[in-house]
Amino acid sequence: MDDSAELDAERALVERAQAGERDALGAILRKHGPRLYRSVLLPRLGSPAAAEDALSRTYVKVLERFDQFSWQAVGVYPWLRVVALRVALDLLRSRKRELLFEPEHVERELDQAERESREADALERHDLHCAKERVRELLLRINPRYADAIRMRVLEERSREEAALALGVSVATFDVVLHRSMAALRKALSEGESQA
Amino acid sequence: MTRVDERDLERELPELDAAEERRLAELLRNAWSPRALDSARHERLLQAALEDPFAAPSAEELVESERLRRALDGQGDHADLRLARALSAAFAPKLAPALPAPTLAANARAKRPGQVIFYGFAAVGASLALAAAVLLQLTPAARTSSAPEPDLATLAQSRSTAELFQATSAGAPSERIDRIASARGRELRDNRYALWGVR
(Lines give C-alpha, C1' and ligand atoms only; values in the text may rest on other atoms or scores of the structure.)
Protein backbone atom coordinates (compact mmCIF):
# COMPACT_ATOMS: atom_id res chain seq x y z
CA MET A 1 0.00 0.00 0.00
CA ASP A 2 1.54 3.37 -0.97
CA ASP A 3 1.56 6.38 1.35
CA SER A 4 -1.51 8.10 -0.10
CA ALA A 5 -3.57 4.89 -0.07
CA GLU A 6 -2.44 4.28 3.50
CA LEU A 7 -3.50 7.78 4.50
CA ASP A 8 -6.86 7.32 2.77
CA ALA A 9 -7.42 4.09 4.70
CA GLU A 10 -6.41 5.85 7.91
CA ARG A 11 -8.79 8.71 7.22
CA ALA A 12 -11.65 6.23 6.77
CA LEU A 13 -10.73 4.64 10.12
CA VAL A 14 -10.65 8.05 11.79
CA GLU A 15 -14.14 8.87 10.49
CA ARG A 16 -15.50 5.56 11.74
CA ALA A 17 -13.79 6.04 15.12
CA GLN A 18 -15.24 9.53 15.45
CA ALA A 19 -18.66 8.05 14.69
CA GLY A 20 -18.20 5.90 17.82
CA GLU A 21 -16.74 2.65 16.43
CA ARG A 22 -14.26 1.45 19.00
CA ASP A 23 -12.91 -1.22 16.68
CA ALA A 24 -11.82 1.50 14.26
CA LEU A 25 -10.07 3.42 17.02
CA GLY A 26 -8.48 0.15 18.14
CA ALA A 27 -7.09 -0.36 14.64
CA ILE A 28 -5.56 3.14 14.66
CA LEU A 29 -3.93 2.61 18.07
CA ARG A 30 -2.77 -0.88 17.12
CA LYS A 31 -0.90 0.65 14.22
CA HIS A 32 0.65 3.67 15.98
CA GLY A 33 0.88 2.57 19.66
CA PRO A 34 4.13 0.60 19.35
CA ARG A 35 5.76 3.58 17.64
CA LEU A 36 4.65 5.94 20.42
CA TYR A 37 6.08 3.52 22.98
CA ARG A 38 9.45 3.04 21.33
CA SER A 39 10.23 6.49 20.02
CA VAL A 40 8.38 8.86 22.39
CA LEU A 41 7.71 7.26 25.76
CA LEU A 42 10.47 4.74 26.49
CA PRO A 43 13.41 7.05 25.72
CA ARG A 44 11.95 9.90 27.78
CA LEU A 45 10.72 7.90 30.75
CA GLY A 46 13.62 5.48 30.85
CA SER A 47 11.97 2.21 31.88
CA PRO A 48 9.57 -0.20 30.17
CA ALA A 49 7.23 -0.13 33.18
CA ALA A 50 6.95 3.67 33.12
CA ALA A 51 6.56 3.68 29.32
CA GLU A 52 3.79 1.07 29.41
CA ASP A 53 1.99 3.02 32.09
CA ALA A 54 2.31 6.15 29.97
CA LEU A 55 1.01 4.33 26.89
CA SER A 56 -2.08 3.18 28.79
CA ARG A 57 -2.70 6.75 29.98
CA THR A 58 -2.20 7.99 26.44
CA TYR A 59 -4.86 5.58 25.16
CA VAL A 60 -7.32 6.72 27.80
CA LYS A 61 -6.79 10.36 26.82
CA VAL A 62 -7.12 9.51 23.14
CA LEU A 63 -10.43 7.75 23.82
CA GLU A 64 -11.71 10.74 25.75
CA ARG A 65 -10.66 13.35 23.22
CA PHE A 66 -10.70 11.71 19.84
CA ASP A 67 -13.73 13.70 18.75
CA GLN A 68 -11.58 16.86 19.02
CA PHE A 69 -9.15 15.64 16.38
CA SER A 70 -9.54 17.18 12.95
CA TRP A 71 -8.02 15.43 9.99
CA GLN A 72 -4.60 16.59 8.73
CA ALA A 73 -2.79 15.73 5.54
CA VAL A 74 -0.04 13.94 7.49
CA GLY A 75 -2.50 11.64 9.24
CA VAL A 76 -3.32 11.05 12.88
CA TYR A 77 0.13 10.18 14.24
CA PRO A 78 1.31 13.76 14.97
CA TRP A 79 -1.81 14.33 17.07
CA LEU A 80 -1.29 11.04 18.94
CA ARG A 81 2.33 12.00 19.53
CA VAL A 82 1.30 15.31 21.13
CA VAL A 83 -1.02 13.42 23.49
CA ALA A 84 1.80 11.00 24.39
CA LEU A 85 4.27 13.86 24.96
CA ARG A 86 1.79 15.56 27.30
CA VAL A 87 1.43 12.34 29.29
CA ALA A 88 5.23 11.96 29.43
CA LEU A 89 5.54 15.57 30.60
CA ASP A 90 3.07 14.98 33.44
CA LEU A 91 4.99 11.89 34.53
CA LEU A 92 8.35 13.65 34.33
CA ARG A 93 7.02 16.49 36.49
CA SER A 94 5.87 14.03 39.14
CA ARG A 95 9.09 11.97 39.13
CA LYS A 96 11.01 11.51 42.38
CA ARG A 97 14.39 10.53 40.94
CA GLU A 98 16.56 11.84 38.17
CA LEU A 99 15.71 10.78 34.65
CA LEU A 100 17.61 11.62 31.51
CA PHE A 101 14.97 14.07 30.34
CA GLU A 102 13.86 17.15 32.22
CA PRO A 103 10.28 18.41 31.93
CA GLU A 104 11.67 21.45 30.08
CA HIS A 105 12.92 19.22 27.28
CA VAL A 106 9.50 17.75 26.71
CA GLU A 107 7.86 21.17 26.96
CA ARG A 108 10.10 22.35 24.12
CA GLU A 109 9.25 19.24 22.12
CA LEU A 110 5.56 19.87 22.68
CA ASP A 111 5.86 23.45 21.42
CA GLN A 112 7.44 22.14 18.24
CA ALA A 113 5.03 19.22 17.98
CA GLU A 114 2.02 21.47 17.82
CA ARG A 115 3.46 23.09 14.69
CA GLU A 116 4.66 19.77 13.27
CA SER A 117 3.78 18.79 9.72
CA ARG A 118 5.85 15.63 9.27
CA GLU A 119 4.45 12.17 8.81
CA ALA A 120 4.71 9.28 11.26
CA ASP A 121 7.93 7.71 9.93
CA ALA A 122 9.78 11.01 9.87
CA LEU A 123 8.60 11.87 13.37
CA GLU A 124 9.71 8.48 14.66
CA ARG A 125 13.20 8.99 13.22
CA HIS A 126 13.28 12.49 14.69
CA ASP A 127 12.29 11.28 18.18
CA LEU A 128 14.83 8.46 18.21
CA HIS A 129 17.52 10.87 17.07
CA CYS A 130 16.60 13.40 19.79
CA ALA A 131 16.88 10.76 22.49
CA LYS A 132 20.34 9.76 21.30
CA GLU A 133 21.38 13.39 21.21
CA ARG A 134 20.28 13.76 24.81
CA VAL A 135 22.50 10.84 25.80
CA ARG A 136 25.42 12.35 23.89
CA GLU A 137 24.88 15.70 25.66
CA LEU A 138 25.03 13.99 29.02
CA LEU A 139 28.14 12.01 28.16
CA LEU A 140 29.88 15.24 27.18
CA ARG A 141 29.45 16.44 30.74
CA ILE A 142 31.60 13.70 32.28
CA ASN A 143 35.22 12.61 31.94
CA PRO A 144 35.81 11.23 28.40
CA ARG A 145 37.14 7.96 29.83
CA TYR A 146 33.96 7.59 31.81
CA ALA A 147 31.94 8.39 28.70
CA ASP A 148 33.86 5.71 26.76
CA ALA A 149 33.22 3.16 29.50
CA ILE A 150 29.50 3.87 29.45
CA ARG A 151 29.31 3.93 25.67
CA MET A 152 31.01 0.56 25.28
CA ARG A 153 29.50 -1.37 28.16
CA VAL A 154 26.04 0.15 28.52
CA LEU A 155 25.09 1.56 25.12
CA GLU A 156 26.88 -0.84 22.80
CA GLU A 157 26.61 -3.74 25.28
CA ARG A 158 30.12 -4.96 24.64
CA SER A 159 31.67 -7.48 27.02
CA ARG A 160 33.71 -6.37 30.04
CA GLU A 161 36.80 -7.96 28.54
CA GLU A 162 36.41 -6.12 25.25
CA ALA A 163 35.74 -2.79 26.93
CA ALA A 164 38.70 -3.26 29.28
CA LEU A 165 40.97 -4.07 26.36
CA ALA A 166 39.82 -0.95 24.47
CA LEU A 167 40.58 1.22 27.49
CA GLY A 168 43.92 -0.54 28.08
CA VAL A 169 43.11 -1.67 31.62
CA SER A 170 42.41 -4.95 33.40
CA VAL A 171 38.86 -6.22 33.65
CA ALA A 172 38.85 -5.56 37.39
CA THR A 173 39.98 -1.99 36.82
CA PHE A 174 37.35 -1.56 34.15
CA ASP A 175 34.61 -2.60 36.61
CA VAL A 176 35.76 0.16 38.95
CA VAL A 177 35.95 2.70 36.13
CA LEU A 178 32.42 1.84 35.01
CA HIS A 179 31.11 2.23 38.53
CA ARG A 180 32.75 5.65 38.78
CA SER A 181 31.40 6.55 35.38
CA MET A 182 27.85 5.94 36.49
CA ALA A 183 28.41 7.92 39.69
CA ALA A 184 29.75 10.80 37.61
CA LEU A 185 26.75 10.64 35.30
CA ARG A 186 24.38 10.70 38.22
CA LYS A 187 26.15 13.73 39.60
CA ALA A 188 25.80 15.44 36.24
CA LEU A 189 22.09 14.66 36.16
CA SER A 190 21.51 15.90 39.69
CA GLU A 191 23.26 19.17 38.89
CA GLY A 192 20.72 19.79 36.18
CA GLU A 193 20.94 21.95 33.11
CA SER A 194 22.21 25.04 34.91
CA GLN A 195 25.63 23.46 35.48
CA ALA A 196 25.91 22.13 31.94
CA MET B 1 43.60 15.10 32.23
CA THR B 2 46.43 14.48 34.73
CA ARG B 3 46.37 11.80 37.40
CA VAL B 4 45.95 14.48 40.06
CA ASP B 5 42.90 15.90 38.22
CA GLU B 6 41.38 12.42 38.00
CA ARG B 7 41.89 11.83 41.72
CA ASP B 8 40.23 15.16 42.49
CA LEU B 9 37.31 14.25 40.25
CA GLU B 10 36.89 10.84 41.90
CA ARG B 11 36.92 12.41 45.35
CA GLU B 12 33.87 14.49 44.39
CA LEU B 13 31.84 11.57 43.04
CA PRO B 14 28.70 10.67 44.97
CA GLU B 15 28.14 7.23 46.46
CA LEU B 16 26.30 5.01 43.99
CA ASP B 17 24.81 1.67 45.00
CA ALA B 18 24.43 -1.24 42.60
CA ALA B 19 20.67 -0.77 42.14
CA GLU B 20 21.05 2.89 41.23
CA GLU B 21 23.87 2.01 38.86
CA ARG B 22 21.61 -0.51 37.09
CA ARG B 23 18.81 2.04 36.90
CA LEU B 24 21.04 4.63 35.29
CA ALA B 25 22.34 2.06 32.82
CA GLU B 26 18.76 1.18 31.89
CA LEU B 27 17.88 4.86 31.37
CA LEU B 28 20.80 5.26 29.02
CA ARG B 29 20.09 2.06 27.10
CA ASN B 30 16.40 2.91 26.68
CA ALA B 31 17.22 6.34 25.33
CA TRP B 32 20.01 5.14 23.08
CA SER B 33 18.38 2.09 21.52
CA PRO B 34 14.83 1.63 22.81
CA ARG B 35 13.41 -1.82 22.30
CA ALA B 36 10.01 -2.46 20.76
CA LEU B 37 7.04 -3.27 22.93
CA ASP B 38 6.10 -6.95 22.88
CA SER B 39 3.05 -7.28 20.60
CA ALA B 40 1.05 -9.49 22.99
CA ARG B 41 1.70 -7.05 25.79
CA HIS B 42 0.63 -4.16 23.60
CA GLU B 43 -2.57 -5.97 22.68
CA ARG B 44 -3.44 -6.44 26.37
CA LEU B 45 -2.84 -2.74 27.07
CA LEU B 46 -4.95 -1.80 24.08
CA GLN B 47 -7.85 -4.11 24.96
CA ALA B 48 -7.87 -2.82 28.52
CA ALA B 49 -7.99 0.77 27.27
CA LEU B 50 -10.72 0.09 24.73
CA GLU B 51 -13.07 -1.46 27.25
CA ASP B 52 -15.84 1.03 27.91
CA PRO B 53 -16.48 1.31 31.67
CA PHE B 54 -19.63 3.33 31.05
CA ALA B 55 -21.27 1.04 28.49
CA ALA B 56 -24.95 0.23 29.11
CA PRO B 57 -25.21 -2.74 31.51
CA SER B 58 -26.83 -6.07 30.69
CA ALA B 59 -29.53 -7.54 32.96
CA GLU B 60 -27.03 -10.04 34.34
CA GLU B 61 -24.55 -7.27 35.12
CA LEU B 62 -27.24 -5.38 37.04
CA VAL B 63 -28.00 -8.44 39.18
CA GLU B 64 -24.35 -9.20 39.82
CA SER B 65 -23.49 -5.60 40.61
CA GLU B 66 -26.28 -5.50 43.21
CA ARG B 67 -25.01 -8.77 44.75
CA LEU B 68 -21.49 -7.37 44.90
CA ARG B 69 -22.73 -4.12 46.45
CA ARG B 70 -24.55 -6.07 49.16
CA ALA B 71 -21.52 -8.30 49.77
CA LEU B 72 -19.28 -5.25 50.14
CA ASP B 73 -21.78 -3.89 52.67
CA GLY B 74 -21.43 -7.11 54.66
CA GLN B 75 -24.65 -8.75 53.46
CA GLY B 76 -24.25 -12.06 51.66
CA ASP B 77 -21.32 -13.32 49.65
CA HIS B 78 -19.91 -12.80 46.18
CA ALA B 79 -16.95 -14.34 44.36
CA ASP B 80 -15.50 -10.86 43.75
CA LEU B 81 -15.67 -10.04 47.45
CA ARG B 82 -12.82 -12.48 48.10
CA LEU B 83 -10.86 -10.89 45.28
CA ALA B 84 -11.52 -7.44 46.73
CA ARG B 85 -10.35 -8.64 50.16
CA ALA B 86 -7.22 -10.15 48.63
CA LEU B 87 -6.45 -6.87 46.86
CA SER B 88 -7.03 -4.89 50.01
CA ALA B 89 -4.82 -7.23 52.03
CA ALA B 90 -2.07 -7.13 49.44
CA PHE B 91 -2.18 -3.35 49.09
CA ALA B 92 -2.44 -2.41 52.77
CA PRO B 93 -2.13 -5.44 55.08
CA LYS B 94 -2.99 -3.42 58.18
CA LEU B 95 -6.30 -2.51 56.62
CA ALA B 96 -6.93 -6.04 55.38
CA PRO B 97 -10.47 -6.48 56.73
CA ALA B 98 -11.35 -3.09 55.28
CA LEU B 99 -14.33 -4.36 53.31
CA PRO B 100 -17.20 -5.95 55.22
CA ALA B 101 -15.18 -6.59 58.36
CA PRO B 102 -15.36 -3.03 59.71
CA THR B 103 -19.13 -3.35 59.66
CA LEU B 104 -18.83 -6.43 61.86
CA ALA B 105 -16.33 -4.67 64.09
CA ALA B 106 -18.62 -1.65 64.34
CA ASN B 107 -21.53 -3.93 65.25
CA ALA B 108 -19.40 -5.62 67.87
CA ARG B 109 -18.45 -2.27 69.34
CA ALA B 110 -22.06 -1.14 69.27
CA LYS B 111 -23.07 -4.24 71.27
CA ARG B 112 -20.63 -3.58 74.08
CA PRO B 113 -23.24 -2.32 76.68
CA GLY B 114 -25.26 -5.53 76.18
CA GLN B 115 -22.15 -7.58 76.75
CA VAL B 116 -21.51 -5.78 80.05
CA ILE B 117 -25.01 -6.73 81.29
CA PHE B 118 -24.51 -10.34 80.15
CA TYR B 119 -21.21 -10.63 82.02
CA GLY B 120 -22.84 -9.06 85.13
CA PHE B 121 -25.58 -11.68 85.16
CA ALA B 122 -23.05 -14.45 84.68
CA ALA B 123 -20.99 -13.28 87.67
CA VAL B 124 -24.02 -12.99 89.97
CA GLY B 125 -25.31 -16.44 88.88
CA ALA B 126 -21.95 -18.09 89.53
CA SER B 127 -21.75 -16.52 93.01
CA LEU B 128 -25.22 -17.80 93.92
CA ALA B 129 -24.41 -21.30 92.68
CA LEU B 130 -21.22 -21.37 94.74
CA ALA B 131 -23.03 -20.21 97.89
CA ALA B 132 -25.70 -22.91 97.43
CA ALA B 133 -23.06 -25.62 97.06
CA VAL B 134 -21.33 -24.51 100.29
CA LEU B 135 -24.61 -24.55 102.19
CA LEU B 136 -25.41 -28.07 101.04
CA GLN B 137 -22.01 -29.33 102.13
CA LEU B 138 -22.17 -27.68 105.55
CA THR B 139 -25.71 -28.88 106.43
CA PRO B 140 -26.02 -32.57 105.46
CA ALA B 141 -28.37 -33.31 108.39
CA ALA B 142 -30.85 -30.82 107.18
CA ARG B 143 -31.36 -32.83 104.02
CA THR B 144 -34.63 -34.66 103.95
CA SER B 145 -36.06 -37.04 101.43
CA SER B 146 -39.65 -37.68 100.51
CA ALA B 147 -38.77 -41.32 99.73
CA PRO B 148 -39.64 -44.01 102.36
CA GLU B 149 -36.77 -45.49 104.38
CA PRO B 150 -35.66 -48.70 102.56
CA ASP B 151 -35.48 -52.10 104.28
CA LEU B 152 -31.75 -52.72 104.33
CA ALA B 153 -32.29 -56.49 104.52
CA THR B 154 -33.85 -56.46 101.08
CA LEU B 155 -30.83 -54.80 99.50
CA ALA B 156 -28.31 -56.96 97.74
CA GLN B 157 -25.17 -57.40 99.87
CA SER B 158 -21.59 -57.59 98.87
CA ARG B 159 -20.67 -61.21 98.37
CA SER B 160 -18.30 -63.59 96.69
CA THR B 161 -18.47 -64.04 92.96
CA ALA B 162 -17.65 -67.73 93.35
CA GLU B 163 -21.15 -68.86 92.40
CA LEU B 164 -20.69 -67.14 89.06
CA PHE B 165 -17.79 -69.48 88.36
CA GLN B 166 -19.72 -72.75 88.21
CA ALA B 167 -17.98 -75.43 86.29
CA THR B 168 -21.02 -76.06 84.09
CA SER B 169 -21.24 -72.46 83.05
CA ALA B 170 -17.56 -71.86 82.86
CA GLY B 171 -16.58 -70.51 79.50
CA ALA B 172 -13.93 -68.28 78.18
CA PRO B 173 -12.63 -65.64 80.63
CA SER B 174 -14.40 -62.83 78.78
CA GLU B 175 -17.76 -64.61 79.13
CA ARG B 176 -17.25 -64.95 82.90
CA ILE B 177 -16.39 -61.28 83.24
CA ASP B 178 -19.51 -60.38 81.24
CA ARG B 179 -21.64 -62.52 83.58
CA ILE B 180 -20.17 -60.87 86.70
CA ALA B 181 -20.56 -57.36 85.28
CA SER B 182 -24.14 -58.04 84.26
CA ALA B 183 -25.12 -59.49 87.70
CA ARG B 184 -23.40 -56.69 89.61
CA GLY B 185 -24.98 -54.07 87.39
CA ARG B 186 -28.45 -55.50 87.90
CA GLU B 187 -27.95 -55.54 91.72
CA LEU B 188 -26.63 -51.98 91.73
CA ARG B 189 -29.70 -50.77 89.84
CA ASP B 190 -32.04 -52.68 92.18
CA ASN B 191 -30.37 -51.21 95.25
CA ARG B 192 -30.51 -47.70 93.83
CA TYR B 193 -34.21 -47.99 92.99
CA ALA B 194 -34.85 -49.34 96.52
CA LEU B 195 -33.03 -46.38 98.11
CA TRP B 196 -34.98 -43.92 95.94
CA GLY B 197 -38.23 -45.63 96.99
CA VAL B 198 -39.28 -46.33 93.45
CA ARG B 199 -39.35 -50.06 93.75
Side-chain angles (χ1 to χ4, degrees), chain A residues 22-23 25-26 29-30 33-39 41-48 51-52 55-60 62-63 97-101 127-128 130-132 134-136 138-139 142-146 150-151 153-157 178-187 189-190, chain B residues 1-62 65 83-84 87-88 90-92:
Chain A
R22 286 203 168 224
D23 287 352
L25 188 52
L29 296 177
R30 196 168 283 113
R35 201 196 305 258
L36 291 173
Y37 172 89
R38 182 168 173 265
S39 64
L41 299 171
L42 183 55
R44 280 155 191 79
L45 298 173
S47 79
E52 283 182 26
L55 188 62
S56 291
R57 290 167 191 260
T58 301
Y59 286 166
V60 169
V62 168
L63 280 158
R97 294 190 295 183
E98 297 93 9
L99 295 176
L100 298 191
F101 284 78
D127 284 332
L128 292 169
C130 284
K132 281 195 172 179
R134 175 66 184 149
V135 174
R136 287 194 187 100
L138 287 167
L139 295 184
I142 59 176
N143 183 304
R145 288 188 186 182
Y146 289 162
I150 289 175
R151 191 174 295 113
R153 185 75 181 122
V154 177
L155 304 181
E156 297 168 8
E157 300 183 55
L178 183 65
H179 175 71
R180 289 176 183 158
S181 308
M182 300 304 284
L185 180 70
R186 188 186 181 203
K187 188 180 174 202
L189 278 171
S190 65
Chain B
M1 187 178 281
T2 67
R3 282 182 180 279
V4 174
D5 291 338
E6 284 183 13
R7 275 200 297 275
D8 288 344
L9 188 70
E10 285 161 14
R11 216 172 289 135
E12 291 172 8
L13 292 180
E15 288 293 317
L16 186 67
D17 64 27
E20 184 62 7
E21 191 172 329
R22 280 196 300 275
R23 189 183 77 86
L24 281 176
E26 191 190 11
L27 291 180
L28 287 168
R29 220 174 277 130
N30 287 327
W32 187 259
S33 54
R35 290 184 170 83
L37 178 59
D38 175 69
S39 59
R41 206 166 172 81
H42 177 241
E43 193 58 32
R44 277 201 298 277
L45 285 176
L46 183 57
Q47 291 304 328
L50 287 174
E51 196 173 311
D52 183 4
F54 307 111
S58 66
E60 187 186 355
E61 282 177 319
L62 286 173
S65 60
L83 177 61
L87 287 172
S88 172
F91 184 73

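The analysis underlying the following values was restricted to heavy atoms, covering all of them including side chains, and did not include hydrogens, waters or symmetry mates. What you are looking at is a predicted structure, and each value in this text was computed from that prediction instead of being measured.
Using a 4.5 Å heavy-atom cutoff, the side chains of Leu99(A) and Arg23(B) are in contact.
Among Pro34(B), Ala48(B), Ala49(B), Ser33(B), the residue with the largest count of heavy-atom pairs under 4.5 Å with chain A is Pro34(B). Between chain B and the options Gly33(A), Ser47(A), Ser39(A), heavy-atom pairs under 4.5 Å are most frequent for Ser47(A).
Panel note: side chain Arg186(A), backbone Leu24(B); no donor-acceptor pair is recorded below 3.5 Å.
Considering only residues two or more places apart in sequence or on other chains, Glu52(A) meets the salt bridge (Lys or Arg N to Asp or Glu O under 4.0 Å) condition with Arg41(B). Under the ring-ring contact (aromatic ring centres under 6.0 Å, His included) criterion, Tyr37(A) pairs with no residue, sequence neighbours left out.
Only the backbone of Leu45(A) comes within contact range of chain B, with heavy atoms under 4.5 Å apart. In this structure, the portion of Leu55(A) lying under 4.5 Å from any heavy atom of chain B is its side chain and not its backbone. For Leu63(A), the part lying near chain B is the side chain, with the backbone staying farther off; criterion is any non-hydrogen pair under 4.5 Å.
Residues Gly26(A) and Leu46(B) share a closest heavy-atom pair of O-CD2, 3.6 Å.
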